[in-house]
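Below is one structure, written out as structure tokens, with a few remarks after it.
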Amino acid sequence: MITFDWKGVLPAVTTKFTDNDELDFDAFDINLKAQLEAGVDGFILGGSLGEASVLDEQEKYDLLAHTVAFVEGKVPVILNIAEQTTKAAVRCAQKALELGASGLMLLPPMRYKSDERETIAYFAAVAESTPLPIMIYNNPVDYKVEVTLDMFEQLAAYSNIQAVKESTRDVSNVTRMINRFGNRYKIFTGVDPLAMESLVMGADGWVAGLVDAFPKETVAIYRLVKAKRYDEALAIYRWFLPVLELDIHPKLVQYIKLAEVATGIGTENVRAPRLALVGEERTYVQKVIDDALAIRPELPVGSWGKVTEEVA
């Protein structure tokens, strides 16, 4: 079985597009480089923020192959699987292994609201098809299927199901998971405005969204919390919260891409049916970003940096 440490900050990276609606690898690389310099611990490709629903299968594989080559083994590269059929999910898992992915993030079946038995069977089929380690994405708010504690009890039989992206928006669920399973599952907070709370309660990492525009600040919060330097982390988090709340809106892709433009590490291009922001909505989001940039905090020395560095 392939293994790596499930911990740290894992950006759910945005997918960059050219003006002609093709993959923009040049812009993508600028963002990846900024993330690596900030000290992120891996990348997640093709998630909701990565506009998975509008990428074709080959584009996902092209992104994966490109990212694996770009990072040169420095950090894990994780491919998100969000498919409508079990057959397609298994095929995606097998192709991910072939292309050098380090792991998978796995959603329940798309479109169809599967029941408990069907959801378990779906996850099990993918787990049995690959040696890659798997993170279950538990987001009943957006995807309408909750992976309950009892379901995780059944999934514990699959040794390569190793982590959970906890996006129930109930911070207490971090404690429930730890009380029930100890360290059997690594827990990642998946909701930016609840990130520090979840990390303080024992989450092992952060699958982050606004990290795509603010990588250093995101890494700093994570590392300071883990070093129990809570006051320093909280000062950054309080500054960051109005921006982090952009992560929980249906237009999070457009919002976060606008933030990437503001910090110079992304483009605003999205793929239809999404459209760039206009009017009062654009003015509001831009103001949130600009207000934050106007008072961007100085980060403690050593709180961010390449993955070989650690906060003291």
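The first residue in the sequence is number 1, and the count goes up from there.
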Where do Ala127 and Ile134 come nearest, in terms of heavy atoms and distance? CA-CD1, 3.7 Å

For the ring pair Tyr237 and Trp239, is the centre-to-centre distance below 6.0 Å? no

Regarding Gln254 and Glu281, is there a side-chain donor-to-acceptor distance under 3.5 Å anywhere? no

Is it the case that atom CZ in Arg180 sees more than 12 heavy atoms from other parts of the structure closer than 6.0 Å? yes

Scan side-chain atoms only and decide if Tyr112 and Glu118 contain a donor-acceptor pair under the 3.5 Å cut-off. yes

How about CG on Asn183, more than 12 heavy atoms from neighbouring residues, nucleotides or ligands closer than 6.0 Å, or not? no

Would Gln58 and Asp62 count as a side-chain hydrogen bond (donor to acceptor under 3.5 Å, both in side chains) here? Give the steps. CA-CA 6 Å; Gln58 189 57 51; Asp62 290 346; 2.8 Å; yes

Take a 6.0 Å sphere around CG of Asp231 and say whether it holds more than 12 heavy atoms from other residues, nucleotides or ligands. no

Only pairs at least two apart or in different chains count here, so list each side chain to side chain donor-acceptor pair (under 3.5 Å) that has a residue in residues 22-31. Asp29-His66, Asn31-Gln35, Asn31-Glu260

Partners meeting ring pair (Phe, Tyr, Trp, His ring centres under 6.0 Å) with Tyr255 (sequence neighbours left out): His249

What I want to check is whether the side chains of Asn139 and Tyr137 have a donor and an acceptor closer together than 3.5 Å. yes

Do other residues, nucleotides or ligands put more than 12 heavy atoms under 6.0 Å from the CG atom of Asp56? yes

Distance-only side-chain donor-acceptor flag, Lys216 / Thr218, under 3.5 Å: no

Heavy atoms of Thr189 and Ala195 approach each other most closely as OG1-CA, 3.7 Å

Contact summary for Val9 and Ala208, nearest pair of heavy atoms: CG1-CB, 4.4 Å

Note: Asp212 and Ile265 closest approach over all heavy atoms is O-CD1, 3.1 Å

